[in-house]
Each structure stands twice: as structure tokens, then as C-alpha cells.
Amino acid sequence: MNSRPTVSLVIGSGGVKCAAAIGLWSVLREAGVQVDSVVGCSGGSLYGAAIAQGWDPEKMRSLSESLWTGDVMQGYRENLKASKDGSLRFTERSGLVDDSVLNANLEKIYGDLTFERLDVPLTLVATDLHNGEKVLLREGLVREAIRASIAIPVIFPPLEIDGGLLTDGGASDPLPVDVAIQDAADVIIAMGFTLSYRTRFRSITAVQEQMTSIYTNNILNATYAFHNLAHHAEIFPVIPELDEQVSMFDVDKIPRVIEAGEAAARAQLPHIQRALAG
Amino acid sequence: MQITNQKMNAVVVVSPSGSIDATTAPELGAHIDDLVSHDDVKLVADFASVDYTSSAGLRVLLGAAKQTRAQGGDLRLSSVAPDVMKVLSLSGFTSILKIFDDTDSAVASFA
């Protein structure tokens, strides 16, 4: 019989900001906090999978560098232009980015790792593009589930898995605390991110991006409020504070993001430890 | 956790101190239950000495707000520290509870 409280770690959506999970993971490891299950959404799925596989923080740092290579956004400008002049026919399966580099990078990082082979149970969250429902991914290739979970609408093409056309998990559940509640975790450590707002708008896509940020932040607050009251035990929100704007692909800011994640985790650690001590 | 009461006209100012989490929240809940059972339903929770509140603490606050409002009163908060305010804001509590900068203003709001 397991007498200690069970711990679930939830890493929400937030693009490059999700690298803050490296700072959180390093604090939890140092403190000897055992994690019994991991949930990841969108950018958080990249790091959630690494944590579930037991990677150390250093290896996770190299993950960020290997994934967000300079050519990962290949085709974006050309396809954006072509979509405007009508020469690119855009469908629900399209994305402005040619995702071959992203897919190759994911394969390089996660290889043929499957959910079944992970050290700790992992759930990744995506969204069904056709009906808006949240889809929980718990089997098969980890890299495919990540690819579906990070498929930012319009930017990356969605991915078909088991007949569903899956896109960014952040569209349905940006901080999927409810998955950990369903799994009956006693203590939930939830790292969430609000998306930064723009101050300058020079294109239609800038306005669209701003609206996506507004929608996502409001979904985050509404769902967190509900889940917070629905849970039977403790949820510890770990919200990194950044004194500068970090947009979706600001890869050069990753070191400062990791530091912010570590600081936020250290602030919550005494409270987490108290809950674990019962 | 230490909890003190101060009655100011028809309002009771409840001042907990320290952290409100799964281990201490039941004590605060019982304290408020006791006040409500004695028809003290206009409550100000003075959070000046509260350095942390977890989801368990938030559930107690919501329960207290429901109980007092059902009897024509309210639970209002005052002097909330920035870190605690962040949790209240993220959890939507700043939308459903009345929060004041200081206890005097919170007490006066019942007039």
C-alpha cells in the first residue's frame, strides 16, 4: 500500500515559455519530490515527455536547442504570401510551416519512444479540430502525440491520429489540471503560462495572434478556477514571472525562462513539501 | 494557525495568520462556521498576516462566502499580500469576492 500522497505534474501550453519546466524539474529533483504521473499540453508536452522519461535538466536543455533549430519555421513566409495571393489553397489539413524539419527534429529527440516504455505514466493533450473536444493521448509513439499537441493552428498542420484530426491542446485545455484530478492525484503541481499580449499590430496575423492569446488566457483562468474548486486536495500553481515579453518562438530567451521557472518552483517548494509531509 | 476576531459594530473581522493549506484550512472553516452559527454573517477576513493560501484555503473562502450570503451577509477580504492576490486572481476569486486594500474600508463597505 502506498501511504504517501500521489503527485501529478502538469505542464501547460505556452510556447517557448514551457522551457521553465526545466527549472521546475531541477528544483523538484533536488528536493527529492517523487512524481507519479505527468500531464503535458502543447509546448508543455515536450518537457512533460522528457520528465516522464526521467531525463535530467541538462539533457532537457539540449532538447530545446535540438528542437527549435533555425529552419524549423521553413516555408512560413512563402506560404503566408501564397495564402494571401490565393496561390496556396488552405484546408483544415494545412499549415503555413512545412513541418518536415519539425518532424525530423522530434524524431531525433524522442526516436521511437512509446508511452508504454516511459518511467512514469504520461498523458498529452491535443484538440480535435473538427469538434473542439479535448483528446487525451496515452499510447503509441510519444513524438506523434507531441506533434499533435503542439500543432499551433494555422502555423503547423494538424496531425491525424486514430481518425481524429488533432491540433494544439491549448485550444481546449491550456493547463490540463483536470487530467490529474481524473487520475485521483493527491497533490497537483501545475505549471501554467499566460500568453503575452502584443503592443503593435502591423498585420492581420498579428491581430489573429492577439485574439488567440486573449482566448487562451481566458480559457486558462476559467478552467483553472473550476478545477481548483473541484479537486479534493491540493493544487500548487507554479507561474513563472518574466520581466520581459516572451513570444511563442523567442528561443534566445530560454535561459532566462528556465531561471524564472526555477524561481517560481522554489517559492512553492515549502508549501509542496508541507502537503507531502501530511 | 492563529485566528483572532474583532467585532466592529455588526461586522466581525477575522484575522488568520500564516499559511492556509490542507492542514490549516479546516481550522479556519470551523472558526467561520462557528461565527455563522451565532448569526455573525457580515465577515471581513483580514489577510494582512496570511502569507499563502492553497486550493484548500480557497475552498474554505468560497464556502464561507456562500454561507454568509445565504443569510444576508457576506465574506469580504482585506489587506491581501501580492503573492496571495496572484492565487486569488488566477483562481477567479477576485471576480466573486469583494476585496479591499485595508480592513477599515472592508468594514465600512457593509454600512
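Letters A, B, ... mirror the listed sequences (proteins, then strands); counts begin at 1.
In this structure, A/D252 places its CG atom where more than 12 heavy-atom neighbours from other residues, nucleotides or ligands lie under 6.0 Å away. Other residues, nucleotides and ligands place more than 12 heavy atoms under 6.0 Å from the CD atom of A/Q245. No more than 12 heavy atoms of other residues, nucleotides or ligands sit less than 6.0 Å from atom CG of B/N9. More than 12 heavy-atom neighbours from other residues, nucleotides or ligands sit within 6.0 angstrom of CD on A/E244. Enclosure of atom NZ in B/K98 is not indicated, since only 12 or fewer non-hydrogen atoms of other residues, nucleotides or ligands lie within 6.0 angstrom. Annotation for A/Y197: atom OH counts as buried by contact number, over 12 foreign heavy atoms lying within 6.0 Å. In this structure, A/F201 places its CZ atom where more than 12 heavy-atom neighbours from other residues, nucleotides or ligands lie under 6.0 Å away.
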Check: How far apart are the C-alpha atoms of B/T23 and A/R274, what are their side-chain angles, what is the distance that settles it, and do they pass the side-chain contact (heavy atoms from CB on, under 4.5 Å) test?
Finding: CA-CA 9 Å; B/T23 55; A/R274 214 155 77 141; 4.2 Å; yes
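Contacts between A/I188 and chain B at a heavy-atom distance below 4.5 Å are absent for every atom of the residue. Looking at B/L90, the atoms closer than 4.5 Å to chain A (heavy atoms on both sides) sit in the backbone and in the side chain alike. Neither the backbone nor the side chain of A/H227 has a heavy atom closer than 4.5 Å to any heavy atom of chain B.
Proximity of a side-chain donor or acceptor of B/R59 to a complementary backbone N or O of A/A233 within less than 3.5 Å is detected. B/S55 contributes no side-chain N or O that, together with a main-chain N or O of A/N228, makes up a donor-acceptor pair within less than 3.5 Å. The backbone N or O of B/S54 sits nowhere less than 3.5 Å from a side-chain atom of A/E234 that would complete a donor-acceptor pair.
In this structure, the separation between OH on B/Y52 and CD on A/Q268 is 4.0 Å, given to the nearest 0.5 Å. To the nearest 0.5 Å, the span separating NE2 on A/H271 from CG on B/D51 amounts to 6.0 Å. Here the straight-line distance linking atom OG of B/S91 with atom CG of A/L229 works out to 7.5 Å at 0.5 Å rounding.
In terms of heavy-atom pairs under 4.5 angstrom with chain A, the leader among B/A56, B/G92, B/A25 is B/A56.
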